[in-house]
Structure formats: C-alpha cells, structure tokens
Amino acid sequence: MTEIVTRFAPSPTGFMHIGNLRTALYAWLLARAGNGKFIVRIEDTDQVRLVEGAVDVILQTLRQTGLNYDEGPGIGGPNGPYVQSERKEIYRKYAEELVAKGHAYYCFCTAERLQQLHDESDGVGGYDRHCRNLSADEVATHLANGEPYVIRQKIPLEGVTSYVDEVFGEISMENKEMQDQILLKADGYPTYNFAHVVDDYLMGVTHVVRGSEYLTSTPKYVLLYDAFGWPRPHYVHLPLLMGQNEDGKISKLSKRHGAVSFQDLLQAGYLPQAIVNYIALLGWCPKDCNQEIFTLEELCKIFSIEGISKSPSVFDYGKLNWFNSEYIKQMPEQTCAERIVPLLRQKCPAPGLCLDKLAALLHTRVCTFNEATEMVDFVAERLPLDLAAYTNKKNKTTPELCRQILAEVQPKLAACQDWQNDALFALLKAYAEASGIKAGAVMWAVRIAVARKLVTPGGATELMEVFGKEESLSRIEQALQELGD
RNA sequence: GGCACGUUGGAGAAGCGGUUUAACUCACCAGCCUUUCACGCUGGCAUUCACGGGUUCGAAUCCCGUACGUGUCACCA
C-alpha cells in the first residue's frame, strides 16, 4: 500500500486564519492516521502580498498546536527547498516543457489590454486567447524584442474534464468554462495554479487537502497532471468555515465575526488544545462515537475522510467557550492557578488577599483565563452597593435583618482565629442555629456585605477567606454603617 | 450572469431505503443540589429532515425540478 503524503501549503500573506489551521490539522491528521508523511511548504510566489513575519507566525502556530512536520522550512528534507521562491527556476523549466508539448503558450498581452477585456465584460469575462495561436516565428520575434510575457495553459476548447474528490465525489466541468490561466507570470514567478501542481508532484504528495474554494478550479490542475503525464493525486476538499453575522446571515468567516486568527484566539484566552479540538469537529465527525473531547493522539487514531462533511459549518464561539472551559476544568488546580494568579495579581495588587483561593474558586467558573479578571472586579475595589441587594426573596432577607445579622456576627468573626473557609462556615452555621435565623439568610447578608455584588464566584465564607480577616471585617464595618441603625 | 457545490432544531451534527415516535454536544428553558453564581445531576427543546413532484409495500435516506445559500470565474492563493 502506498504511503500517504499530505502537505500544508500556506501563503505568507497574513496571519494564521482559523480555517487555514483547520486545513493544516486535517492534512496532518490524514497523514498521521495513515502512518504517512506531512510536509510544510511555503507558497510565496506573490511577492507583492508578502507580509513580513508571516512565515514565523505559521511555523509557530504549528509548533503551539503540536502539528509537527516531517519535511519543511527549518528542518529541510529530501524534497527541498520548501519555499517556492527558492525553487523559481524549477517552474520555468516545467512551463517550457508544457509549451513544447503544446499544452501551454507564450502570451505577450499587456496588463492594460487584459484590464480592458475585464472591464468590457463587466468583470465576468476571461482572457480572449489572443496569443493562443501565435506562430513560432511570431513568438520568436516577440521574445527577441525582449517583450515581457507570461506562459498560459492551453485548455482544450471542447470536452469535459472530471475528477473524483474524496469528499464531494465526482466533479465535472466543461472545458469551455475554463480560462487559459497563467502558469508563469511576467516577473518570472509561477502562479499558485502552476507551482502547487509541480511541487505536489515533485514532493510526492498523494493527497491534496485544501478548502472547497478550489473545487471548481481543480479540473484545470488535473489537466496539468495529464499534460505532464503525471499520476493525479487524491483530492480532499474541505467544507468552508462560516461566521454568523448580526443579522443572522452567514458568510465566510472573517474579522467582523470576531477573533479569527489563531493568534487572536490565544490573545482572547483560548488554549491551543481547546482550539484544535473544537475545529477538528467543525466539518468532521467521528464514526460510531459520541466523544467530543479528544487529544491529538486520539484524533490520529480515529480520523478518516469518510467523516468529513460537505456542507459548510458556522464557527460558534459559544461552543469554543465550552471546549475551553472543559480543558480548564480538566487541568489540575495547581496548573490552573499558575495561569490565573498572575492575572489576578495584576488586577488586585492589594496585599493580604488570598489569590490562590480566588483562583481555585474561578477554576470551574471561567471559560477563558482572561474572563477571570472581569469576574474579580469586586475584589479589586469596593463596588458601589444598592441596599436593595440585601433583600433576597428566597432567603427572606431584608436590609434590617441583614443589619442585625452583621451586627451580631461581627464580634464573633473578630474573635475568630482560624480564618479559612471551613472554620468560618462552621462559625456562621453555628450562629444561624443559635439565633434561629436561616443559614442561607446569614450567608446572604455576609456575602453581600463583603463582596458588595449580587453574583460572585464563591460564597460568603469562601470570599472572606480570599479577602483575609482585616479586609473582611472592614467591609462588614462599612456595610453596617451604610445600613444605618 | 455562467459554472460548481451545499440545504437535518438557534449552532456543530449522527443518520447511507424499513424497531427513527430523527442519536449526541453546545446554547436555551425548567427542576434538583447548594453559602449567591458556577460545577454536577435530572428533564424539556425537529410529529419532522428547504420546498414540490416522482420511484417504492415503505424515503431524511434514491431520482427530477424549484427556492435559498455559498464558492468560483486574477500576472491572489
């Protein structure tokens, strides 16, 4: 059985879009699942759109997500170089071979003429094949004059070209629908359309994994393989990733939908593994299995092309949140605290606070670490408090009752030597029983007084432990004053 | 506009002609637990698979048409 070889071939023209990452993931998974090889290749043939640093971001993302590659930039391999700009001369040779074979031709049309053609057809017309039948002499003359030229693919005028996609099935396209696309640009660089075919062949790629936006241009690539006499690779086109607009409509996932690059998502507080886990399930589903939380290793074992769906899927930040919170809950408390405490310290620099305890309270309550900072505003400062907060229906509390509770409980707390949750809880519980007041009411009064907020992570005694004795008593004192006599 | 592809609840989805009165997850709602919230637990949430025809004893599952959506028609990838 032939080994599977896939590749991830990003263009360094921006940052790592989440759809791109997903393509990389599936290509990687397919290779790993089949015990094959995964190659990374940089497609930088558009020298105009190059973005500095983009390659580093791509490589770093691969590292952060654990998508290791067998050949590619930085590590080399038998099929290098792995950056297309470094393989420039290879493409010319193959393009000329195609010309010699009659499957491509020189074109001397100017950019202006092409632009005019484009404008006259309202943007939907293509090249008029003006240079397709230039005689050898004419070509020689133009060349001798040093005129700039491109090399275009000579698409058959009639007939149908079809291929079988592994997920979409057979795709057929009438040859007359296809343009004589440019293979080699005037600047000597190849286009994507040409370079990727040559490289995939040269590098032994067996499965081309990419977004479904290439579905309808693939017949042209297939024609290229045929023209060279090369075996066609397997094609695995992936359904697009969409985003939901505010008006409910969906469109290709873009910035207006929120964070869409891997970096943005990290910035927003999501864990690499949660992101990977989530996008693995966007457009793919395991067979006979309801599991959703997967490690990369587990995914390798069960990933298969049959599970890839044809319809586009909408990126749902809500579900990503769920995955992230699951990963956070899965972390040992200690590890979680290591991530959260520094954030808390920044937001709540006051000494005496037990931030470890706060972090522990947040462990099951946050979707992202960043969210922790938002949830502790009441710790960082004493929030303005409406006395109405002391009124709680379920526990039957009123400001008056709360005042009484706080006043009676204050000296007991002041005398407490063991300022941690269990002891404090026991103390308040004992007071409740002795006074005949519902425990819930006591807890409510104390929590509101100490936290000055209706909804808080953790209860009364947990928060008192966080605040420490001094601050807790001070806040209760303030509450008493506010509640009056 | 031509061509291509898609369409199962708000989102991801299972389903591949007959125990499907359509699994599972998120979201949402209700209840339990409870020191508020969260966690956890329990239950609810598509009589119906875009719509219309057809094939069949039987269709979400096969075929055709319509609608809608998306993609693509670059010296971008």
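Note that the structure is a prediction, hence the values are computed from the model and not measured. Reminder, nothing fancy here: chain letters follow the sequence lines and each chain counts from 1. All values below were derived from every heavy atom in this structure, side-chain atoms included, with hydrogens, water molecules and symmetry-related copies excluded.
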Inter-nucleotide P distance (B/rG44, B/rA23), Å rounded: 11 Å
Pairwise C1' distance, B/rG6 and B/rA50 [rounded to whole Å]: 12 Å
For atom NZ of A/K252 and atom C1' of B/rG6, their distance in whole Å: 15 Å
Pair of N/O donor and acceptor under 3.5 Å linking B/rU35 base with A/N392 side chain: no
Rounded C1' spacing from B/rU48 to B/rU7 in Å: 15 Å
Test log, rule side chain to side chain contact (heavy atoms under 4.5 Å, CB included), inputs A/I151 and A/K185: CA-CA 7 Å; A/I151 292 181; A/K185 299 186 271 185; over 6 Å; no
Along RNA chain B (nearest heavy atom to each residue), the more 5'-positioned of A/S251 and A/N395: A/N395
Between B/rU25 (C1') and A/N321 (CG): distance, integer Å: 15 Å
Heavy-atom pair of closest approach, residues A/G19 and A/L241: CA-CD2, 3.6 Å
Atom-pair distance (CG on A/N324; P on B/rA27), nearest Å: 13 Å
Listed partners of A/Y105 passing side chain to side chain donor-acceptor pair (under 3.5 Å), at least two apart: A/D180
Same-atom distance (C1') from B/rC62 to B/rU55, integer angstrom: 8 Å
Whichever of A/G318 and A/M173 has its nearest RNA chain B nucleotide further upstream toward 5': A/M173
C1' atoms of B/rG43 and B/rA59, separation to the nearest Å: 32 Å
Grab the N/O contacts between the protein and nucleotides 42-45 of chain B below 3.5 Å, and write none if there aren't any.
none

Distance-only donor-acceptor test (3.5 Å): side chain A/R447, base B/rU35: no
No-hydrogen, no-angle side-chain donor-acceptor test under 3.5 Å, A/R49 and A/S11: no
Sugar-phosphate, base or nothing in reach of A/N175, heavy atoms under 4.0 Å: nothing
Residues which pass salt bridge (charged side-chain N to carboxylate O under 4.0 Å, His left out) with A/E471, listed by chain and number, not counting sequence neighbours: A/R382, A/R475
Steps toward side chain to side chain contact (heavy atoms under 4.5 Å, CB included) verdict (A/T398, A/R403): CA-CA 8 Å; A/T398 60; A/R403 209 210 85 86; over 6 Å; no
Where at least one partner belongs to residues 310-337 of chain A, residue pairs that pass ring-ring contact (aromatic ring centres under 6.0 Å, His included), sequence neighbours excluded: A/Y278-A/F315, A/Y278-A/F323, A/F315-A/Y317
Length of the CD1-P vector between A/I155 and B/rC3, whole Å: 18 Å
Side-chain ion pair, A/R452 and A/E482, N-O less than 4.0 Å: yes
Partners passing side chain to side chain donor-acceptor pair (under 3.5 Å) against A/Q420 (at least two apart in sequence or in another chain): A/D418
Sugar-phosphate only, base, or nothing, as touched by A/K453 at under 4.0 Å among non-hydrogen atoms: nothing
With A/K453 via salt bridge (charged side-chain N to carboxylate O under 4.0 Å, His left out) - residues at least two apart: A/D377
Residues which pass side chain to side chain donor-acceptor pair (under 3.5 Å) with A/N395, listed by chain and number, not counting sequence neighbours: A/N392
Salt bridge flag under 4.0 Å for residues A/E43 and A/R87: no
Look for any protein N or O under 3.5 Å of an N or O in nucleotides 59-64 of chain B and output each such pair with its distance, or none.
none

Proximity to the side chain of A/E177 - top-ranked nucleotide from B/rC5, B/rG2, B/rU36: B/rG2
B/rC41 to B/rG58 separation - P atoms, rounded to the nearest Å: 45 Å
Those residues of residues 357-375 of chain A lying under 4.0 Å from RNA chain B by at least one heavy atom: A/T364, A/R365
Short side-chain N/O contact to B/rG40 OP1/OP2 from A/K329, under 4.0 Å: yes
Under 4.0 Å protein heavy-atom contacts per nucleotide of nucleotides 8-14 of chain B, with B for base, S for backbone only and - for none: ---SSSS
Aromatic ring pairing A/Y221/A/Y214, orientation class (parallel under 30°, perpendicular over 60°, tilted between): tilted
Whole-Å distance separating the NZ atom of A/K310 from the C1' atom of B/rC16: 10 Å
Interatomic spacing from SG in A/C367 to CZ in A/R365 - rounded to 0.5 Å: 13.0 Å
Residues A/L134, A/Y106; criterion side chain to side chain contact (heavy atoms under 4.5 Å, CB included); working and verdict: CA-CA 8 Å; A/L134 253 34; A/Y106 289 89; 5.9 Å; no
Test: A/D128 and A/R113 ion pair at under 4.0 Å: yes
Lys NZ or Arg CZ of A/R129 over A/Y127 ring: under 6.0 Å, within 45°: no
Euclidean distance for C1', B/rG17 against B/rC63 (whole angstrom): 13 Å
Distance between P atoms of B/rC16 and B/rG52 (Å, rounded): 24 Å
Rounded distance [0.5 Å steps], CE in A/M443 versus CD1 in A/I448: 13.5 Å
Interface polar pairs with nucleotides 75-77 of chain B, N/O, under 3.5 angstrom:
from   : atom 1 : to     : atom 2 : distance (Å)
B/rC75 : O2     : A/A186 : N      : 2.9
B/rC75 : N4     : A/C109 : O      : 3.3
B/rC76 : OP2    : A/K185 : NZ     : 2.9
B/rC76 : O2'    : A/D46  : OD2    : 3.1
B/rC76 : O2'    : A/R49  : NE     : 3.4
B/rC76 : O2'    : A/R49  : NH2    : 2.9
B/rA77 : OP1    : A/T45  : OG1    : 2.7
B/rA77 : OP1    : A/D46  : N      : 3.4
B/rA77 : OP1    : A/K185 : NZ     : 3.2
B/rA77 : OP2    : A/Y192 : N      : 3.0
B/rA77 : O3'    : A/E43  : OE1    : 3.3
B/rA77 : N3     : A/Y214 : OH     : 2.7

Length of the CG-P vector between A/L253 and B/rG71, whole Å: 12 Å
Nearest-angstrom distance from the residue atom NE2 of A/H237 to P of B/rU72: 12 Å
RNA chain B contacts made by residues 422-438 of chain A, counting heavy atoms under 4.0 Å: A/F425
From NZ (A/K329) to NE2 (A/H363), nearest 0.5 Å: 9.0 Å
Side-chain ion pair, A/D199 and A/R7, N-O less than 4.0 Å: no
